[in-house]
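Shown next, in structure tokens, is the structure this report addresses.
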Amino acid sequence: MRPVNFLDGLNPQQQRAVTAGLGPVLVLAGPGSGKTRVLTQRVAYLIGAMGVRPYQILAVTFTNKAAREMEGRVIGLLGESARGVTLGTFHAICARILRREAEHLPLDSNFVIFDDDDQHSLVRRAISELNLDEKIYRPQAIHGSISNAKNELLLPDEYPVQTYRDEVVKRVYVRYQQMLLANNAVDFDDLLLYTAKLLEENQVVREKYARRYEHVLVDEFQDTNQAQYSLLKHLASFHNNIFAVGDADQSIYRWRGADYRNVLRFEQDYPATQVVLLEQNYRSTQRILDIAMAVIDRNPHRKRKHLFTDRGEGVKTFLHQAYDDRAEAAFVVDTIATLIGRKQAQPGDFAAMYRTNAQSRLLEEAFLHAGLPYKLVGAQRFYGRREVKDVLAYLRLVHNPNDEFSLGRTINTPARGIGDKTLQVLRTQAQKLNLSPGGLLLRLPREAETHREAFTARALSALVGFGDKLSSWSAQAGELSPLHLLDRILSDTDYHSYIDDGTEEGHDRWENVMELRRLAAEYQERSLNEFLEDVALVSDQDTLEASANVPTLLTLHAAKGLEFPIVFIIGLNDGTLPHSRSFEDPEAMQEERRLLYVGITRAKDRLYLVNAQNRSTYGYGEPADPSRFLDDIPAELIEESSPDRPAYRSQPASSNRTWSGSSGATRWQSSSQPRPQDSAPIIKQQFPPGSHVEHSTWGPGMVLNSRLMDNDEIVDIFFESVGLKRVAASLAKLKIREK
DNA sequence: GCATCGGATTTTTTT
DNA sequence: AATCCGATGC
């Protein structure tokens, strides 16, 4: 092992953290304080200076990408001999443990991890099986309750019942869990739940891992939930060397059970904890830090931190109020183009952040309109696309024929004459024979005669046809690489002609399939199992390649842990940020504030805070208030950019423009064309508040409110028949009813 | 069994 | 605006 100075370039606090002795260590790390660096150096220090074997180190990161980076850096410092650290997200690490320990579980080691959609449809099926009304018991909400229970390590029979709803949730939970097991499947929460329970209840297994992992390190500790916290405790229970890094102010996953109070609990549970505070910031200018502190200091019950930097004052933060959300997006794109045009920045320097995924659409349109490239993190994620899910479902089905959901997804995609009815019969038949539907399907080709009675001739031949294909794939799955299996499936199903229907969308879809194919190609040497697992556990950030020099669009949540020279935070309106769903709940409001804090502290040099005077929620635009958080920012830190007079409308795309040679970018800076509503309205109000109207389907009603917008009249009417409705006068056939 | 249409409903954040 | 669901017709 080559000699390395593990403390190179570290400040005293960082050094203390890296070289902390045995026992529990808690590093409270402000944003940009070099915590990733500390974590990496700590691992290197343990191996290189303390002689710990890599195999005996466990490091939990928030994303797979962070894990890969850490491994790369440690190996960069110490060379190949440093390989072998157990590195990954909680979910990935748990999946590995569970596969190894499957004998102690009600699962086969080749269990599948159900994604969001699978989980959702499973819950829906459980609800419908229990004859409950989906309208009243929303699958999403029920699933949320189940998920919370799992994060608190509550099994179905331990689910506390206080209300009738709890009773319902419990019944669904029981059924849901049965169904998962029947499919040899787990959901995301199960990975944590099963592992935590296993370590808790099985002393032999617990000691095996606890002895092995001499050192346990965790990043983003403030975002651990109960299950994760308990996991850590068990894993560190033998050596007690637990090294946790976190920042309570950056806790933004409360809604999925994360509890920043785990930071406080840590000090209680481990009284001997050495605490290290990292306050010096190496990322942002002082003015940006001052804004961040002004925002976060309003949260009660927190340890005040004083963030400082030697990067200098920097420029003031820009506050821009756009006319509406379209103009907001246009402002972002225009500003980016201008700065690039002036050679003050490169395209890859920019990020635009927002509260909800839906907000990305207008931004995308603005970029598209300008003909400029961008990259989007998350949203309709790659793995969420229909075509990608189809192909993965085929692979999953081959891997695990008991997976009913993959069967359901693939059996008639592309259409091969197997509808709901036939599938239903297949299910009942399978149940009679004590088989899974997939299991029966595999036998069907050989045993067709036996099942003549159950199916119609047409259905049977369709099923036999598919069963044939499936068993031939299964037979070859062992020999073929994931890539070749995928190719076989694509050609056997003629998937290309099914998905690529000649439209542009079809073409894009096929491109996505090809992208998946490229990913599979990286698994030549590895098993189908590994491919499927990695795919199931990728996070949004994992898919973010650093290479492309283009602006990044992402949610504030996805921005955690990242940094950009120039950051736009858009949608700074009450109702959006803070989100209206949080208004009622003070804890949730504090989290909204932390979310903004995370966003602000991503910026290195320049920060733009943007909001809109009007914002469209469902269909129509509505006036919106500026975010209350803006009130907390001292005026001297802000430079208000000119109010949004020109109606930003990016020029039509000048075809295939890219960021390279961006000198021309300023050309398409907004040429202002006043919007209709800037000049005199073209239409007149016809239905003033108080007027009585008649609607063709809803009958009589009274106008409560009416305003002119986008060349239309938007009217809120209270109907005797259906109550309050909002209609556009141009669409609804409204008549004034004389009194 | 499947495609199409219209209406209702939707939006918080994610491994 | 976009998706999802159920009803309808072929």
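Side chains included, hydrogens not; waters and symmetry mates left out as well; all remaining heavy atoms used. Every chain is numbered from 1, with letters handed out A, B, ... down the list of sequences.
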I want to confirm an ordering. Mapping A:Q140 and A:A92 to their closest nucleotides on DNA chain B, which one lands closer to the 5' end? A:Q140
Quick check on DNA chain B: between A:T422 and A:W255, whose nearest nucleotide comes earlier from the 5' end? A:T422
Using a distance-only test with no angle check, is there a side-chain donor-acceptor pair under 3.5 angstrom linking A:S616 and A:D324? no
In this structure, how many angstroms lie between the [atom2] atom of [N] and the [atom1] atom of [X], rounded?
X	N	atom1	atom2	answer
A:F455	B:dG1	CZ	C1'	16 Å
A:R254	B:dT14	CZ	P	16 Å
A:L426	B:dG1	CG	P	12 Å
A:H579	B:dT11	NE2	C1'	6 Å
A:Y253	B:dT13	OH	P	11 Å
A:Q359	B:dT11	CD	C1'	10 Å
A:E592	B:dT11	CD	C1'	13 Å
A:K150	B:dT15	NZ	P	17 Å

Need one value for [X]: base, sugar-phosphate or nothing, where a base atom within 4.0 Å counts as base even if backbone is also close, heavy atoms only.
X	value
A:D189	nothing
A:R124	sugar-phosphate
A:R138	sugar-phosphate
A:R361	sugar-phosphate

Span that lies between the P atom of C:dC4 and that of B:dT13, in whole angstrom: 15 Å
Can a side chain N or O of [X] be found less than 4.0 Å away from OP1 or OP2 on [N]?
X	N	value
A:T63	B:dT15	no
A:N412	B:dC2	yes
A:N357	B:dT14	yes

Mind checking whether A:F221 and A:Y229 have parallel, tilted or perpendicular rings, split at 30° and 60°? tilted
Nucleotide of B:dT11, B:dT14, B:dT15 approaching A:T89 most closely (side-chain heavy atoms): B:dT15
The side chain of A:R458 is closest to which nucleotide in this list: B:dT15, B:dG1, B:dT14? B:dG1
Please determine if A:E71 and A:R68 form a salt bridge, counting it only when a charged side-chain N lies under 4.0 Å from a carboxylate O. no
Assess whether a salt bridge exists between A:K150 and A:D187, defined as any Lys/Arg side-chain N lying under 4.0 Å from an Asp/Glu carboxylate O. yes
Taking the six-membered ring of A:F583, is NZ or CZ of A:R628 closer than 6.0 Å to its centre and within 45° of its axis? yes
